[in-house]
Every structure is written in C-alpha cells, then in structure tokens.
Chemist: 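Can you read through this structure? Questions will come right after.
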Amino acid sequence: MGNFVTMGAMLQCNQGMAPCSLIVTVPLRPKCMNMLMATTMDFTPANIPTFGMCRSMANPTVSAATSAAMGVLTPMPCVPVIPAPWAPGSAMVKVMNMPALTNNSKCMCTWGGQISITSPGNTMVSGK
C-alpha cells in the first residue's frame with residue numbers, strides 16, 4: 001500500500017548527496033492528478049539522472065579519488081547504475097501492463113546505494 005508515484009516525484013539515494021526528480025519518459029501514460037504515472041520499469045538513467053555527488057566506496061571513481069586523497073573520503077559525481085526495476089510495485093494496479101510505482105518502492109544502485117521515494121509527486125490517490 002502507498003501513494004502512486006508520478007512524474008516529478010522526489011527521490012533520494014542513501015549514498016548520494018542531493019535529491020533528484022523522477023522523469024517519466026513515456027508521454028502516453030495514464031495520469032494521476034494531471035501527472036504521468038510511473039511504473040516499476042522507470043529505473044533507467046533517463047528516469048533517474050543523478051543524486052549530485054556519490055560517497056559510496058563501492059563506486060570506482062569514489063574509491064580512486066579517496067585513495068588519491070590518502071584515505072580521505074572524496075565524493076565524485078553520481079552516475080546511477082541501476083540493474084533492476086523498482087520493487088515492490090502495486091500488486092493490484094497496472095499502468096500499461098506494468099505494476100504502478102508506489103512510494104514504498106525502492107531500487108538499488110550497483111554502487112551500493114538504496115534509492116527511495118521521498119515524495120510521490122502527488123498526494124491524492126492511494127494504491128492498495
């Protein structure tokens with residue numbers, strides 16, 4: 001259960017240093033509160049661009065920069081690498097035959113970050 005997520009939802013990665021907005025790239029989606037609805041498949045770089053700077057030592061650029069700084073953690077630009085869709089999506093609501101994205105969904109970055117939805121982009125419609 002949770003609110004359905006739409007274009008403009010705010011996302012945060014626990015290894016990133018800034019939030020970002022979810023971008024729904026398919027223009028022919030159903031709308032919720034006049035915003036395009038997101039699905040669990042909205043996890044590509046076109047959908048989740050960047051969280052500013054990354055501080056995960058699993059990220060090779062952060063690890064290399066930290067080594068060069070003699071062990072002082074040195075954040076580097078965030079370039080999310082997300083290998084799998086958001087989970088869980090709505091068990092009951094489908095958007096274009098894919099589970100609707102809800103605000104309790106999460107996805108993981110290859111560099112060890114967990115991406116969460118901090119604001120669904122709308123607050124009027126709830127999934128069950």
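For clarity, every value in this text was computed on a predicted model and none was experimentally measured. Side chains are part of it too, since the values below use all heavy atoms of this structure and drop only hydrogens, waters and symmetry mates.
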Chemist: If only atom types and distance count, is the side chain of T118 paired as donor or acceptor with the main-chain N or O of M10 below 3.5 Å?
Modeler: yes

Chemist: For side-chain contact (heavy atoms from CB on, under 4.5 Å), just list the numbers for W86 and I115, CA-CA rounded to whole Å, side-chain angles, deciding distance to a tenth of an Å, and then say yes or no.
Modeler: CA-CA 9 Å; W86 292 91; I115 301 169; 3.6 Å; yes

Chemist: For the atom pair CE (M33) and CG (N3), what is the distance rounded to the nearest 0.5 Å?
Modeler: 11.0 Å

Chemist: Ignoring hydrogens and geometry, is there a side-chain-to-backbone donor-acceptor pair from R29 to L36 under 3.5 Å?
Modeler: no

Chemist: Got a second to check how far L11's CG is from S116's OG, nearest 0.5 Å?
Modeler: 9.0 Å

Chemist: Is there a donor-acceptor pair under 3.5 Å between the side chain of N103 and the backbone N or O of P120?
Modeler: no

Chemist: Is there a donor-acceptor pair closer than 3.5 Å between any side-chain N or O of S119 and the backbone N or O of A9?
Modeler: no

Chemist: Please tell me if the side chains of T50 and C20 come closer than 4.5 Å, counting only heavy atoms from C-beta onward.
Modeler: no

Chemist: So, taking the atom named CZ in F43 and the one named CD1 in I48, what distance separates them when rounded to the nearest 0.5 Å?
Modeler: 8.5 Å

Chemist: Minimum heavy-atom separation for C54 and V62, please, with both atom names.
Modeler: O-CG2, 3.2 Å

Chemist: Can you name the closest pair of heavy atoms from N14 and G113 and give their distance?
Modeler: OD1-CA, 3.3 Å

Chemist: Could you pull out the closest heavy-atom pair between N34 and K31, with the gap in Å?
Modeler: OD1-CD, 3.8 Å

Chemist: Are the side chain of T39 and the backbone N or O of M41 linked by a donor-acceptor pair below 3.5 Å?
Modeler: yes

Chemist: Quick check: does any side chain N or O of S105 sit under 3.5 Å from a backbone N or O of L101, one acting as donor and the other as acceptor?
Modeler: no

Chemist: Nearest heavy-atom pair of V95 and A100: which atoms, and what distance?
Modeler: CG2-CB, 3.8 Å

Chemist: Would you say that W111 contacts Q15 through its side chain, given a criterion of any heavy-atom pair below 4.5 Å between the two side chains?
Modeler: no

Chemist: Mind listing the closest non-hydrogen atom pair of P99 and S90 along with its distance?
Modeler: CB-O, 3.6 Å

Chemist: Could you give the distance from OG (S63) to CE (M76), rounded to the nearest 0.5 Å?
Modeler: 11.0 Å

Chemist: Does I23 offer a backbone N or O that forms a donor-acceptor pair with the side chain of T25 under 3.5 Å?
Modeler: no

Chemist: Could you go step by step and tell me if M37 and C32 meet the side-chain contact (heavy atoms from CB on, under 4.5 Å) rule?
Modeler: CA-CA 6 Å; M37 291 183 71; C32 175; 3.7 Å; yes

Chemist: Would you compute the distance between atom CE of M92 and atom OG1 of T102 and round it to the nearest 0.5 angstrom?
Modeler: 13.0 Å

Chemist: Out of V5, T6, D42, which residue meets the side-chain contact (heavy atoms from CB on, under 4.5 Å) rule with V24?
Modeler: D42

Chemist: Any heavy-atom pair between the side chains of L22 and M7 that's under 4.5 Å?
Modeler: no

Chemist: Are V79 and L73 in one and the same hydrophobic cluster, where Ile, Leu, Val, Met, Phe, Trp and Tyr link if side-chain heavy atoms are under 4.5 Å apart?
Modeler: no

Chemist: Would N59 and S56 count as a side chain to side chain donor-acceptor pair (under 3.5 Å) here? Give the steps.
Modeler: CA-CA 6 Å; N59 182 330; S56 172; over 6 Å; no

Chemist: Answer with yes or no whether the hydrophobic clustering places I82 together with F51; edges join I, L, V, M, F, W, Y residues whose side-chain heavy atoms lie under 4.5 Å apart.
Modeler: yes

Chemist: Would the distance check show the side chain of R55 and the main-chain N or O of M17 forming a donor-acceptor pair, the cut-off being under 3.5 Å?
Modeler: no

Chemist: Hey, what do you get for CD (Q114) to SG (C107), rounding to the nearest 0.5 Å?
Modeler: 9.0 Å

Chemist: Taking all non-hydrogen atoms of both residues, which atom of C109 and which atom of P80 are closest, and how far apart?
Modeler: SG-CA, 4.1 Å

